[in-house]
Amino acid sequence: LYDQIYTWSEPIAFSLKENFEEMLRSHLIKKLGDKKKANDYLNILSSPTEISFVKKEEQELWNIALEAKKKGIESAEVKKLITKHTTQFCWVPYDYGVSLWTEDYFVQAIKAILEEGKIEEKLEKNKKYFQELPKKQKEIIKELGLDKYYQDLFNAVRSASFLMDYKKEIFTISHYHIKFLLEEISRRFEIKREFVQLYLPEELKEALLENKKLSKEQLNERNHFSLIYWEGDQTYIYSGKEAKKKLKEFSIKNQDKSPSVLDGMIASAGRVKGKVKVVMNAKDIDKVMKGDILVAPMTSPDYVPAMRKAAAIVTDEGGITCHAAIVSRELGIPCVIGTKVATKVFKDGDIIEVNANHNSVRIIKQ
């Protein structure tokens, strides 16, 4: 079922993004004669009017925090709301099995919200964003006199953005429920659950039905260093020295000199300076502190706690429909995507300026 559904989600959204993004940007630049304004308009016109599941969870938590402000966080009513919220949203950061949010996590999050204050103001700001977005889109269409052809293209891009987020929501919930199946397999195989996920689908089928299990040595080697790639209908997996040798065949040499200024694509406007925290995978999100600049290959729901603390986001990959683009707009923080090499150029502790008004990121101090 998962395999059948996947075909109708991400590939369509990616195809729309890749085919329309630059075309629409060029059209807006031609209409406006102003690259910055064209980028701003592109972001507004391509933003889905539906609320993302990440923002939906945050909004619900703010509402619980309001109740906690009135009745106290230890009150029976608030505890009941937190339990319900945990059941509804514990899976949000799970993605492919990194972490789950517990009741204790939400209690701490509510305490932080209460300490920061301005809950009503944040809720109103969020409400205003989704109320005004369709109005802004209509105003821009009218201002530029966009014909039906281009209106349809922008509508397609908005649909793609929504599909990317909706797909991620459904698949993340699926991954959460699959967790219990993986745990049962790990119990029967007497290995860690994470090691079950190191099996290829056909290998897992043979292990369950024919008792052809991979040795713990093989699994340890795959866990330590492995490479998987697909060619046509064939799947290949290498580990250890063989994987490193194969990796060299695919590797592209790094540039000799790292640039001090990177260009990317504006996902969310704004300008901010801050300390870099490079997060290569979601296991490292805890190192991001409030006001830091999150630099990552790309983001996904398991990055959300770090994204909410970050003053800005910079990614190697992504387009206007990507996760970082959608969430940064909802959070109202600057975001530059598609720099290609940000995670290679910047390191933890660098002070950089993210100028998402002019789609650039520059080093101030290393």
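- In terms of modelled atom types and a separation under 3.5 Å, the side chain of Ser52 and the main chain of Val327 share no donor-acceptor contact.
- Using a distance-only test at 3.5 Å, with no hydrogens or angles considered, no donor-acceptor pair links the side chain of Ser268 to the main chain of Pro334.
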Show your working on side chain to side chain contact (heavy atoms under 4.5 Å, CB included) between Leu153 and Met23 and close with a plain yes or no. CA-CA 10 Å; Leu153 291 186; Met23 175 189 172; 3.6 Å; yes

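- Atom-to-atom distance recorded for Lys79:NZ and Ile73:CD1 is 10.0 Å, nearest 0.5 angstrom.
- For residues 46-76, every residue pair satisfying the ring-ring contact (aromatic ring centres under 6.0 Å, His included) rule, not counting sequence neighbours, is listed here: Phe53-Trp91.
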Without placing hydrogens or testing angles, list every side-chain donor-acceptor pair under 3.5 Å for residues 125-137, not counting sequence neighbours.
residue	atom	partner	partner atom	Å
Asn126	ND2	Gln59	OE1	2.1
Gln137	NE2	Ile44	O	2.9
Gln137	NE2	Ser47	O	3.0

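- Applying the salt bridge (charged side-chain N to carboxylate O under 4.0 Å, His left out) test to pairs two or more places apart or on separate chains, none has a residue in residues 319-334.
- In the model, Thr299 has a side-chain atom that pairs as donor or acceptor with a side-chain atom of His323 under 3.5 Å.
- One N or O on the side chain of Asp350 and one on the backbone of Lys347 form a donor-acceptor pair closer than 3.5 Å.
- Considering only heavy atoms from C-beta on, Val295 stays 4.5 Å or farther from Val361 through its side chain.
- In this structure the side chain of Lys37 never reaches within 4.5 angstrom of the side chain of Leu28, judged on heavy atoms.
- In this structure a side-chain-to-backbone donor-acceptor pair under 3.5 Å is missing from Gln234 to Glu231.
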Identify every side-chain donor-acceptor pair in residues 274-283 under 3.5 Å, counting partners at least two apart or on other chains, and give the distances.
residue	atom	partner	partner atom	Å
Lys277	NZ	Lys287	O	2.8
Lys277	NZ	Asp292	OD2	2.8
Asn281	OD1	Lys283	N	3.0

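- Sorted by first and then second residue, the pairs that involve residues 150-174 and meet ring-ring contact (aromatic ring centres under 6.0 Å, His included), not counting sequence neighbours, are Tyr2-Phe171, Tyr6-Phe171, His27-Tyr150, Phe162-Tyr166.
- Within 6.0 Å of atom NZ in Lys273, 12 or fewer heavy atoms from other residues, nucleotides or ligands are found, so the atom counts as exposed in its surroundings.
- Here ring-ring contact (aromatic ring centres under 6.0 Å, His included) pairs that include residues 180-211, with residues two or more places apart or in two chains, are Tyr176-Phe180, Phe189-Tyr199.
- For the residue pair Val92 and Thr172, the shortest heavy atom distance occurs at O-CG2, 4.1 Å.
- The side-chain hydrogen bond (donor to acceptor under 3.5 Å, both in side chains) pairs that include a residue from residues 98-110 are Thr83-Glu103, where partners are two or more places apart or lie in different chains.
- Under the ring pair (Phe, Tyr, Trp, His ring centres under 6.0 Å) criterion, Phe225 pairs with no residue, sequence neighbours left out.
- Using a 4.5 Å cut-off between side-chain heavy atoms of Ile, Leu, Val, Met, Phe, Trp and Tyr, Leu200 falls into a hydrophobic cluster with Ile228, Trp230, Ile237.
- With sequence neighbours left out, the ring pair (Phe, Tyr, Trp, His ring centres under 6.0 Å) criterion links His85 to Phe89, Phe106.
- Closest of all the heavy-atom pairs between Ile333 and Met307 is CD1-O, 3.8 Å.
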Which atom pairs, one a donor and one an acceptor, fall under 3.5 Å between side chains of residues 115-122 and the rest of the protein, sequence neighbours left out?
residue	atom	partner	partner atom	Å
Glu116	OE2	Lys122	NZ	2.6
Glu120	OE2	Lys69	NZ	3.3

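- The salt bridge (charged side-chain N to carboxylate O under 4.0 Å, His left out) analysis of residues 188-199, with sequence neighbours excluded, yields the pairs Glu184-Arg188.
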